[in-house]
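Written below as C-alpha cells is the structure these notes are about.
Start at 1 with the first residue, then count along the sequence. Keep in mind that the numbers below use all heavy atoms, side chains included, and drop hydrogens, waters and symmetry copies. Every number for a ligand or one of its atoms is a count from 1 in the order of the listing.
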Amino acid sequence: MKTILVTGGAGFIGSNFIRLILDSEPDYFVINLDKLTYAGNLGNLLGIEEKYPKRYVFVHGDICDEMILTKIFTDHDIDFIVNFAAESHVDRSILQPNLFIETNVLGSANLLNVAKTTWKERFDSKRFLQVSTDEVYGTLPEDNPEIKFTESTPIQPHSPYSASKASADLLAQAYFDTFGFPVLITRCSNNYGPYQFPEKLIPLMINNAVNDKQLPVYGDGKNIRDWLYVQDHCEAILAVLQSGKLGDVYNIGGNNEIKNIDIVTMILDYLGKPHSLIKYVTDRLGHDRRYAIDASKIKNELDWEPKFQFSEQIGTTIDWYLSNTEWMENVISGEYQKYYDLMYSGR
Ligand SMILES: NC(=O)c1ccc[n+]([C@@H]2O[C@H](COP(=O)([O-])OP(=O)(O)OC[C@H]3O[C@@H](n4cnc5c(N)ncnc54)[C@H](O)[C@@H]3O)[C@@H](O)[C@H]2O)c1
C-alpha cells in the first residue's frame, strides 16, 4: 500500500485527482489535507468516505501549520505528496497579494521542510510533486503561434498569483539541488470541468448565462489560453508522480489555444442565449495576453497526451453544471457574492 498526502484535495483539481486515485489505484491510501477556504468544498467529494472507508481520510488543516503537518507525518508513513493547496485566482491575488504569499510560498516551504525533516533524509521511494502553472512563464506574443512555453523557458511571472507559484517552484527546485529532496514539478495550462469554483471563466460564464445575467469579459476578450480537461491534467500528474524524473519540470497542456471571447460565445450558443449578454469590462491589471504550452517532453518521456477534445468536453462540462444546480447554489455563498460585486459592479 502506498500512502499519498494530497493537499488542497477539496478544491477543483484536487478533488478530481482524489477520485482518479481512489478509482484507479487500489493500492493507494489517500490523506486529504485541506483548509477549506472559500474554494474548498467537501461537497466536491460527496460519497467518497462511504465508497472508500479504508482508503481515504480527510484532515481539516492548513499547510502553513507545522504542528498539523508533523502530526500527519507521525501518524502515517507517507510515500507521496501532491501539493495542490493554493490560493488560485489571479484576480484575488491583485486584491490580496499577501494571502497568496502565505499559502503558496510559505505554506509550500513549510510542507517541503516538514517532509524533509520527518523523512529523515531517507528519500528512497519518496516523491513530492508540486502542482504549478504555465502562468509562471509570463506571457507570449499573439502574432507568433509557433512560440510556446517549454520547460526551459525562463520564468517571468507577472501577477502576484504567478509570482507566488514561481517562488514555490524555485524553493522546490532548491530542495532538490541542495538536499537531493525528491521533487517533481508540473506546470499546466487552464483547466476546465466539473467542480470548478464559479469565479473562474467557464463556470462563471455558464452560471451567468443560465441566469440571464451579463457576462463580464475583460478588455477586448482576445486573451488566449490553452485549455485542458481536468481529468487529463489529473492523469498527467499521476504519470509524473509515478514515472517522472526527480528534479524535473513537466509542462502539461491541451494543445488547444482559444480566445476568451470565443469560449464565451461557445457557451452562449450551447445554451441558446443571446450574445447581447456579453459585457466588455475594464481589463484585469497586468493581464497576460497569451499562454501556450509545448507538452512534447511529457509525451516523449511518459507517453502522456490529452485524451479529451475541447469541442466535446465543453458541452459535457456545461451539462454537468446544468445538472448540478444544487452544488452551484451551495458554493455561491454570501462571501462569494460580495466578492463578485466587488470585482464586477461598476466596471
Ligand atoms: N485551475 C487551473 O486551471 C490550474 C491550472 C494550473 C495549475 N493549477 C494549480 O493547481 C492547484 C489547484 O488548483 P484549483 O483550481 O483546484 O484550485 P482551487 O482554488 O479550486 O482549490 C484550492 C484548494 O486548496 C485549499 N487551500 C487553500 N489554502 C490552503 C492552505 N493554506 N492549506 C490547505 N489547503 C488550502 C482550498 O481550500 C481548496 O480546496 C493550484 O496549486 C493551482 O495553482 C490550477
Could you tell me how the ring of Phe179 sits relative to the ring of Tyr175: parallel (under 30°), tilted (30 to 60°) or perpendicular (over 60°)?
->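 Judged by the thresholds at 30° and 60°, the geometry between Phe179 and Tyr175 is perpendicular.
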
Mind telling me whether Phe80 and Tyr28 have parallel, tilted or perpendicular rings, with 30° and 60° as the class edges?
->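 Tyr28 vs Phe80 ring planes: tilted.
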
Provide, line by line, the atom pairs where ligand 1 and the protein bring an N/O atom each to a distance under 3.5 Å; else say none.
| unit_1 | atom_1 | unit_2 | atom_2 | d |
| --- | --- | --- | --- | --- |
| ligand 1 | 3 (O) | Asn191 | N | 2.9 |
| ligand 1 | 16 (O) | Phe12 | N | 3.3 |
| ligand 1 | 16 (O) | Ile13 | N | 2.8 |
| ligand 1 | 17 (O) | Ser88 | OG | 3.2 |
| ligand 1 | 19 (O) | Ser88 | OG | 2.7 |
| ligand 1 | 20 (O) | Phe12 | N | 3.0 |
| ligand 1 | 31 (N) | Asp62 | OD1 | 2.8 |
| ligand 1 | 31 (N) | Thr103 | OG1 | 3.1 |
| ligand 1 | 32 (N) | Ile63 | N | 3.0 |
| ligand 1 | 34 (N) | Lys35 | N | 3.1 |
| ligand 1 | 37 (O) | Asp34 | OD1 | 2.5 |
| ligand 1 | 37 (O) | Leu36 | N | 3.4 |
| ligand 1 | 37 (O) | Thr37 | N | 3.0 |
| ligand 1 | 37 (O) | Thr37 | OG1 | 3.1 |
| ligand 1 | 39 (O) | Gly11 | N | 2.9 |
| ligand 1 | 39 (O) | Asp34 | OD1 | 3.3 |
| ligand 1 | 39 (O) | Asp34 | OD2 | 2.6 |
| ligand 1 | 41 (O) | Phe84 | O | 3.0 |
| ligand 1 | 41 (O) | Lys165 | NZ | 2.6 |
| ligand 1 | 43 (O) | Tyr161 | OH | 2.6 |
| ligand 1 | 43 (O) | Lys165 | NZ | 3.1 |

Partner set under salt bridge (charged side-chain N to carboxylate O under 4.0 Å, His left out) for Glu25, not counting sequence neighbours =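 Glu25 satisfies salt bridge (charged side-chain N to carboxylate O under 4.0 Å, His left out) with no residue once adjacent residues are dropped.
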
Not counting sequence neighbours, which residues clear salt bridge (charged side-chain N to carboxylate O under 4.0 Å, His left out) with Lys120? List them please.
->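 Not a single residue meets the salt bridge (charged side-chain N to carboxylate O under 4.0 Å, His left out) criterion with Lys120.
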
With sequence neighbours excluded, give me every salt bridge (Lys or Arg N to Asp or Glu O under 4.0 Å) pair touching residues 322-333.
->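 Sorted result for residues 322-333: empty, none.
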
Is it the case that Tyr192 and Gln313 place a side-chain donor and acceptor less than 3.5 Å from each other?
->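 No, Gln313 and Tyr192 have no side-chain donor paired with an acceptor closer than 3.5 Å.
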
